[in-house]
Amino acid sequence: MRKHHILVIAIFLVIFSAFPALAEQLSGRVVGVHDGDTITVLTADKRSVRTRLVEIDAPESGQPHGTRAKQALSGLIFDKQVIVEVSGIDRYGRTLGRIFQDGMDVNAEMVRLGYAWVYRRYAADETLFDLEEAARAAKRGLWSLPLRDQVPPWEWRRKSPARTR
């Protein structure tokens, strides 16, 4: 029986050492909101961690509703304690994660309020699509804009290469 327990523990350790982001969480205070989907978290050990909210994509600064998306995210979490469920690092060196503030899923809340699209290329949480559809139907946030201004950020960046992140 003891050999079985050791084997199970060994397998568990191998899995989580191969995929450390699966088990990682960090917490801290939000000290910066850069746009509607990128923040800086100051951890207890004084690390400044630039963090990109996963599975969503908010309007860019120069896009219609870009400033409002940033303001909405600020209103939800600026200067508040958050937990980041880390899922990896992006090509810009930002930590990728799902943000929680006092039990609220901030990524989902940004979609629900109409300040972010579901980032179709990376989305795994099916509930986000329902939240986006409800926000669109209620014309919340960016969905209140004229149709011509409802350009997903990934399309906007492709058309405006000088304005990429």
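Positions are given from 1 along the sequence. From a predicted model like this one, the values you see are computed outputs, not experimental measurements. Worth knowing before you read on, the calculation uses all heavy atoms, side chains too, and leaves out hydrogens, waters and symmetry mates.
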TODO: Answer yes or no: is there a side-chain heavy-atom contact under 4.5 Å between Thr43 and Val49?
DONE: yes
TODO: Evaluate the side-chain proximity of Glu109 to Leu131: yes if any heavy-atom separation is below 4.5 Å, no if none is.
DONE: no
Task: Backbone N/O of Val151 and side chain of Gln63: donor-acceptor pair under 3.5 Å - done: yes
Task: Heavy atoms from other residues, nucleotides or ligands near CG of Asp45 exceed 12 (cutoff 6.0 Å) - done: yes
Open item on the list: To check you understand the geometry: which heavy-atom pair defines the closest contact between Glu132 and Val111, and what is its length?
Closed with: N-CG1, 3.5 Å
Task: Side chain proximity check, Asn107 to Asp125, heavy atoms < 4.5 angstrom - done: no
Open item on the list: Between Phe100 and Asp105, does the side-chain contact (heavy atoms from CB on, under 4.5 Å) criterion hold? Intermediate values first, please.
Closed with: CA-CA 5 Å; Phe100 293 89; Asp105 179 339; 3.7 Å; yes
Task: Pro64 backbone acceptor or donor facing Asp149 side chain under 3.5 Å - done: no
Task: hydrophobic_cluster_shared for Val31 and Val106, side chain cutoff 4.5 Å - done: no
Open item on the list: Could you go through Asp57 and Arg157, starting from their C-alpha distance and side-chain angles, then the distance that decides it, and tell me whether this counts as side-chain contact (heavy atoms from CB on, under 4.5 Å)?
Closed with: CA-CA 11 Å; Asp57 203 3; Arg157 287 189 295 270; 2.7 Å; yes
TODO: Say whether, by atom type as modelled, one donor and one acceptor occur between the side chain of Ser74 and the main chain of Lys70 under 3.5 angstrom.
DONE: yes
Open item on the list: I'd like to know if Glu55 pairs up with Arg98 as an ion pair, taking the criterion as any Lys NZ or Arg NE/NH1/NH2 lying under 4.0 Å from an Asp or Glu carboxylate oxygen.
Closed with: yes
Open item on the list: Please tell me whether Val86 and Val54 are part of a single hydrophobic cluster in this structure, the criterion being side-chain heavy atoms less than 4.5 Å apart.
Closed with: no
Open item on the list: Counting only heavy atoms not in Arg140 (residues, nucleotides, ligands), do more than 12 fall under 6.0 Å from its CZ?
Closed with: yes
- [ ] Test Thr38 against Leu53 for side-chain contact (heavy atoms from CB on, under 4.5 Å), laying out the working first.
- [x] CA-CA 6 Å; Thr38 308; Leu53 283 68; 6.0 Å; no
Open item on the list: Measuring only between side-chain heavy atoms, which start at C-beta, is Ile39 closer than 4.5 Å to Leu73?
Closed with: yes
Task: Reported CZ-to-CZ distance for the pair Arg136 and Phe129, which is rounded to 0.5 angstrom - done: 11.0 Å
Open item on the list: Check whether Arg120 reaches the backbone of Val118 with its side chain - one donor and one acceptor, N or O, closer than 3.5 Å.
Closed with: yes
TODO: Answer with yes or no whether the hydrophobic clustering places Val33 together with Leu113; edges join I, L, V, M, F, W, Y residues whose side-chain heavy atoms lie under 4.5 Å apart.
DONE: yes
Open item on the list: I'd like to check Thr40 versus His34 (side-chain heavy atoms, cut-off strictly below 4.5 Å). Are they in contact?
Closed with: yes
Open item on the list: Would you say that Val41 contacts Leu26 through its side chain, given a criterion of any heavy-atom pair below 4.5 Å between the two side chains?
Closed with: yes
- [ ] Could you walk me through whether Ile99 and Thr51 pass the side-chain contact (heavy atoms from CB on, under 4.5 Å) test, one step at a time?
- [x] CA-CA 9 Å; Ile99 313 300; Thr51 306; 3.8 Å; yes
- [ ] Measure the spacing between NE2 of His65 and CZ of Arg68 and express it to the nearest 0.5 Å.
- [x] 5.0 Å
- [ ] Could you tell me the separation between the CZ atom of Arg94 and the CD1 atom of Ile89, rounded to the nearest 0.5 Å?
- [x] 10.5 Å
Task: Verify same cluster id: Met104, Val82 (apolar side-chain graph, 4.5 Å) - done: yes
TODO: Compare every heavy atom of Ala69 with every heavy atom of Ala58, then report the nearest pair and how far apart it is.
DONE: CB-CB, 4.2 Å
Task: Atom pair OG/CG of Ser87 and Leu96 - distance to nearest 0.5 Å - done: 5.0 Å
Open item on the list: Are Val30 and Ile56 linked, directly or through intermediate hydrophobic residues, by side-chain heavy-atom contacts shorter than 4.5 Å (ILVMFWY only)?
Closed with: yes
Open item on the list: Check the orientation of Trp143 and Trp117. Use parallel for under 30°, tilted for 30 to 60°, and perpendicular for over 60°.
Closed with: perpendicular
- [ ] Would you check if Trp156 and Pro59 make a side-chain contact, meaning some heavy-atom pair closer than 4.5 Å?
- [x] no
Task: Minimum side-chain heavy-atom gap Arg52-Thr95 below 4.5 Å - done: no
Open item on the list: If I take atom CG from residue Leu128 and atom CE from residue Met110, how far apart are they, to the nearest 0.5 angstrom?
Closed with: 12.5 Å
